[in-house]
Amino acid sequence: MSRNPIPTMSLISGARGRIFAWIQRIARFFLSSSGDRSDVTYARFGDELTGDLVVLAVPHSAYPNILEHYRERLRSKVVIDISNPIDFSTYDELAVPADSSTAAQLAEQLPEGTAVVKAFNVNLGDTLTTGTNGTTPTTVLFAGDYAEAKIAVANLIEASGLRAVDVGPLSRARELEAMGFLQIVLAALGKTRNESGFALLP
């Protein structure tokens with residue numbers, strides 16, 4: 001069976017660690033298990049973005065700096081927002097207005113027509129690296145307004161052996177961020193484990 005075409009990907013991240021492990025799982029077409037394939041390149045912040053998809057694997061508080069350097073260069077990209085806008089000093093509430101989301105705010109600040117997809121923020125890291133959530137396959141929920149962008153993201157998710165579920169337009173990012181917030185709080189309180197979390201049964 002032939003696979004759907006998998007686009008190239010750029011990652012903007014302030015660290016390797018768990019974030020890079022997620023990408024190794026999600027982008028198996030680009031990275032070997034050791035991360036040393038010749039077609040993988042590393043760059044400094046501010047260098048050109050060569051991927052069709054751009055994953056923002058940074059805290060939402062870093063977005064202003066990202067936009068300062070990359071706003072115009074993101075015009076033709078599919079931008080994947082994986083952030084959860086949480087004040088980790090209080091774990092009190094989402095750091096965005098009740099009628100908005102980090103993804104929606106990002107879309108408003110990017111050039112008109114830039115495709116933003118909210119994805120991966122509901123998944124705890126271990127469920128992405130292992131591909132399982134408890135005893136079920138890991139499901140990645142995603143939202144966005146552009147059909148072709150969502151197809152590209154779904155192809156990337158499914159190529160790594162994960163289940164992709166489209167939850168609707170980008171306005172649904174608010175609910176995804178609320179889910180991510182609750183799950184992180186529960187994990188911080190020891191009421192769930194990093195190997196599990198919320199699961200969507202088939």
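Partners of Tyr63 according to the ring-ring contact (aromatic ring centres under 6.0 Å, His included) rule, which considers only residues two or more places apart in sequence or in another chain, do not exist here. The salt bridge (charged side-chain N to carboxylate O under 4.0 Å, His left out) test applied to Arg174 returns no partner, not counting sequence neighbours. Listed by chain and residue number, nothing satisfies the side chain to side chain donor-acceptor pair (under 3.5 Å) test with Ser10 (two or more places apart in sequence, or in another chain). Partners of Glu93 by side chain to side chain donor-acceptor pair (under 3.5 Å), not counting sequence neighbours: none found. With sequence neighbours excluded, no residue forms a side chain to side chain donor-acceptor pair (under 3.5 Å) with Asp145. Thr135 is linked by a side chain to side chain donor-acceptor pair (under 3.5 Å) to nothing, counting only residues two or more places apart in sequence or in another chain. Partners of Ala107 by side-chain contact (heavy atoms from CB on, under 4.5 Å), not counting sequence neighbours, listed by chain and number: Val116, Leu170. Residues satisfying the salt bridge (charged side-chain N to carboxylate O under 4.0 Å, His left out) criterion with Lys150, sequence neighbours excluded, are Asp166.
Using a 4.5 Å heavy-atom threshold, the side chains of Gln109 and Pro64 count as separate.
When all heavy atoms are compared, the tightest approach of Thr102 to Ser83 is CG2-OG, 3.3 Å. Of all the heavy atoms in Ser101 and Ala173, the pair that sits closest is OG-CB, 3.6 Å. Closest heavy-atom contact between Val167 and Arg172: O-CG, 3.4 Å. Considering all non-hydrogen atoms of both residues, Asn123 and Thr138 come closest at ND2-CG2, 3.5 Å. When all heavy atoms of Gly131 and Leu162 are compared, the closest pair comes out as CA-CD2, 3.6 Å. Closest approach of Thr136 to Ala199, counting heavy atoms only: OG1-CB, 3.9 Å.
With rounding to the nearest 0.5 Å, the separation of CG in Leu124 from CG in Asn133 is 8.0 Å. Within the model, atoms OG of Ser76 and CG of Leu49 stand 9.5 Å from one another, a figure rounded to the nearest 0.5 Å. In this structure, CG on Asp87 lies 8.0 Å from NE2 on His60, to the nearest 0.5 angstrom. Summarising the geometry, atom CG belonging to Asn84 is positioned 9.0 Å from atom CG belonging to Leu176; distances are rounded to the nearest 0.5 Å. Here the CZ-CG distance, from Phe198 to Leu186, works out to 5.5 Å after rounding to the nearest 0.5 Å. Note: Phe120 CZ to Ile80 CD1 = 5.5 Å, rounded to the nearest 0.5 Å.
Criterion: ILVMFWY side-chain heavy atoms under 4.5 Å apart, direct or through other members. Under it, Val55 and Val153 are part of a common hydrophobic cluster. Note on Leu67 and Tyr70: same hydrophobic cluster, where clusters join Ile, Leu, Val, Met, Phe, Trp and Tyr whose side-chain heavy atoms are under 4.5 Å apart, directly or indirectly. Tyr146 and Ile151 fall into different hydrophobic clusters, where Ile, Leu, Val, Met, Phe, Trp and Tyr side chains are chained together by heavy-atom contacts under 4.5 Å. Hydrophobic cluster membership differs between Phe142 and Met179, with clusters built from Ile, Leu, Val, Met, Phe, Trp and Tyr side chains linked at under 4.5 angstrom. Hydrophobic clustering, with ILVMFWY side chains joined whenever heavy atoms are under 4.5 angstrom apart, groups Leu128 together with Val117.
Evaluation of the side chain to side chain donor-acceptor pair (under 3.5 Å) test over residues 177-190, restricted to residues two or more places apart or in two chains, returns Lys118-Glu177. Listed by first and then second residue, the salt bridge (Lys or Arg N to Asp or Glu O under 4.0 Å) pairs involving residues 95-115 amount to none (not counting sequence neighbours). Counting only residues at least two apart or on different chains, the salt bridge (Lys or Arg N to Asp or Glu O under 4.0 Å) pairs with a member in residues 65-76 are Glu48-Arg73, Glu72-Arg75.
With hydrogens and angles ignored, the 3.5 Å screen pairs a side-chain donor or acceptor of Lys77 with a backbone N or O of Gly51. Proximity of a side-chain donor or acceptor of Asp81 to a complementary backbone N or O of Leu56 within less than 3.5 Å is not detected. Within the 3.5 Å criterion, the main-chain N or O of Ile157 finds no donor-acceptor partner in the side chain of Arg163.
Within the hydrophobic cluster formed by Ile, Leu, Val, Met, Phe, Trp and Tyr side chains joined at under 4.5 Å, directly or through other members, Val96 is accompanied by Ile86, Phe88, Tyr91, Leu94, Phe181, Ile184, Val185, Leu189.
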Please evaluate residues Asp52 and Thr8 with respect to the criterion side-chain hydrogen bond (donor to acceptor under 3.5 Å, both in side chains), reporting the C-alpha separation (whole Å), side-chain torsions for both, the decisive distance (0.1 Å), and the verdict.
CA-CA 5 Å; Asp52 303 308; Thr8 57; 3.1 Å; yes
Take Thr130 and Thr132 through the side chain to side chain contact (heavy atoms under 4.5 Å, CB included) test and state the conclusion after the steps.
CA-CA 5 Å; Thr130 63; Thr132 58; 3.4 Å; yes
